[in-house]
Amino acid sequence: MERPLPECLNPSAGGTGWIPVLDERDVAVRLETEGITDAVARSDFGYADTWDMARSHYSRLSAFRPALRPAAKKRIGLVEHLNGMSFALPLLVCCLAMYLFGFSLWGGDIASDLAAAVAIGTVGSFVVTGGFVQAMARQALFHAGSGEFRMAAVACRRWCVHGLAALAGTALAGLAVNAYFGSLPSPLNWIAVAFHLSLGALWLASGILYMLGRNLLVAVAAALGIGLVAVMHMLWEVPLLTAQVSAVLVAALFSVGCAVLLFRPLLRKDNGRVYPQLLGRTLYLVSPYFLCGLLYYVFLFTDRLMAWTAQVGSASLPLEFRGNYELALDAGLLAFIVQVGWVQSSTREFYRRVKAAQVSLDITQPALFNRELGRFYVRRVSLFLPLAAAASLAVYWGALGIPLFSGPAVRWMAA
């Protein structure tokens with residue numbers, strides 16, 4: 001009875017997982033992997049050796065192209081877009097709360113000196129925690145992608161602890177610097193510290209939910225916090241800033257609780273162990289992501305700091321919070337929320353096409369690979385530009401109709 005050909009020489013039997021051969025040596029390696037030694041090639045298949053068998057079949061195999069792997073069920077375009085927008089839902093919730101109630105989780109209709117203290121604490125919380133959140137997400141996603149959910153949980157806990165320590169350290173350093181220069185008199189310095197610490201804790205906790213892909217829970221945490229502020233301030237007549245700091249801490253605890261509950265079923269599936277990691281290697285691997293998170297918020301808030309420190313009037317503080325400027329930025333951010341859904345859905349579709357092209361194209365066809373993906377990129381950008389313009393104009397004209405802008409300068413900033 002003649003022995004059937006090895007699976008590596010029978011691509012039709014190998015299914016869509018069969019990878020095109022590179023050269024004769026590749027065929028020989030596949031044969032040896034299946035146990036076809038020189039002796040087996042001679043006795044069972046009548047070839048001089050494994051190399052002779054590989055050379056005989058290479059021309060046939062090199063001409064074979066496997067069928068494409070069945071594409072995974074695609075989400076409807078609108079669903080993908082809404083899923084991308086869910087990343088920015090907390091921002092939308094806060095903007096709507098500011099319009100409806102005159103306050104949000106932070107900020108609101110308060111005196112300019114109080115607003116300046118809140119602004120300093122808010123900006124500091126973003127800048128200090130941005131790097132820790134990005135580093136945590138990078139390391140935790142790496143472990144989760146490898147099925148090491150215990151290590152992913154450990155990474156989240158460690159980076160959150162480091163982030164809280166950095167928040168405390170920068171708060172103490174800020175108090176020391178302020179004591180020397182006297183920029184923020186008491187109790188403004190303590191208000192800045194309170195928002196710096198509480199909001200920073202919320203960003204760290206919500207970072208875990210974003211890493212787990214639970215964007216809606218972050219929006220729920222924001223809505224819960226805003227609802228608590230409304231109850232405490234409007235019904236119980238608690239001072240607005242006290243209510244906001246308390247609500248932010250509750251939202252942070254809610255996010256931590258959700259993260260713990262989400263990790264529990266993942267931990268039950270992981271039978272691995274928690275192993276030590278080299279500090280130098282960890283810092284080397286996550287340092288680009290840490291710097292990205294840090295510099296992103298430095299860049300994001302640079303324009304605000306320039307606007308708040310522009311001495312266009314008399315102010316008792318070196319920094320003057322300008323609500324009209326923030327209002328214009330909030331209008332622009334509403335348009336951004338619509339646009340970011342398209343960006344995220346396009347990114348996911350891009351990587352789906354990368355995987356499909358890797359299966360359907362040969363390794364010797366890099367030009368075709370690049371051309372196909374380049375066409376997709378150009379097509380998505382050409383569709384994005386009119387969408388971005390329409391969303392921006394709709395938000396701008398809607399704000400004019402409310403009316404939301406207080407003057408020409410604010411309208412120009414929003415535009």
Side-chain angles (χ1 to χ4, degrees), residues 71-105 107 126 206 210 213-220 222-223 226 292 296-297 299-304 306-307 322-354 356 371-415:
K73 187 177 180 180
K74 291 178 59 176
R75 294 186 181 184
I76 301 175
L78 179 61
V79 175
E80 279 280 13
H81 189 92
L82 293 176
N83 184 62
M85 287 177 58
S86 68
F87 180 83
L89 271 181
L91 176 63
L92 177 61
V93 171
C94 292
C95 290
L96 291 177
M98 186 67 72
Y99 174 72
L100 294 175
F101 304 121
F103 57 80
S104 184
L105 266 180
F126 276 108
S206 59
Y210 278 126
R214 302 305 178 100
N215 301 349
L216 291 178
L217 284 177
V218 182
V220 171
I226 293 171
C292 175
Y296 172 80
Y297 286 110
F299 171 78
L300 186 65
F301 288 109
T302 296
D303 65 319
R304 287 177 169 86
M306 293 175 66
R322 291 176 169 84
N324 288 341
Y325 180 82
E326 290 300 305
L327 194 61
L329 285 181
D330 288 342
L333 289 175
L334 287 176
F336 165 77
I337 291 173
V338 178
Q339 299 168 30
V340 76
W342 180 268
V343 173
Q344 184 160 327
S345 63
S346 298
T347 302
R348 291 185 176 181
E349 178 63 22
F350 175 80
Y351 282 107
R352 278 196 289 264
R353 288 176 177 265
V354 167
R371 185 163 58 251
E372 290 295 326
L373 295 178
R375 288 174 180 171
F376 168 78
Y377 180 83
V378 172
R379 185 167 59 252
R380 296 294 285 193
V381 169
S382 64
L383 292 174
F384 170 74
L385 293 177
L387 170 68
S392 300
L393 290 174
V395 171
Y396 182 73
W397 287 336
L400 287 178
I402 293 177
L404 190 64
F405 303 136
S406 60
V410 180
R411 289 197 297 271
W412 175 256
M413 178 58 62

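- Atom OH of Y210 has more than 12 neighbouring heavy atoms from other residues, nucleotides or ligands inside a 6.0 Å radius.
- Counting heavy atoms from C-beta outward, F376 and E372 have side chains that stay 4.5 Å or more apart.
- Of the inter-residue distances, the one linking S345 atom OG with F350 atom CZ reads 14.0 Å to the nearest 0.5 angstrom.
- Nearest approach of M98 to G107, heavy atoms of both residues: CE-C, 4.2 Å.
- Under the 3.5 Å distance criterion, the side-chain polar atoms of S382 are matched with a main-chain donor or acceptor of R379.
- R214 CZ: 12 or fewer foreign heavy atoms inside a 6.0 Å radius.
- Closest approach of P90 and V218 over heavy atoms only: CG-CG1, 3.5 Å.
- Smallest separation of non-hydrogen atoms from C94 and I226: CA-CD1, 4.0 Å.
- Within 6.0 Å of OH in Y377 there are 12 or fewer heavy atoms belonging to other residues, nucleotides or ligands.
- The distance from atom OH of Y351 to atom OG of S346, rounded to the nearest 0.5 Å, is 12.5 Å.
- Closest heavy-atom contact between Q339 and A388: NE2-O, 3.5 Å.
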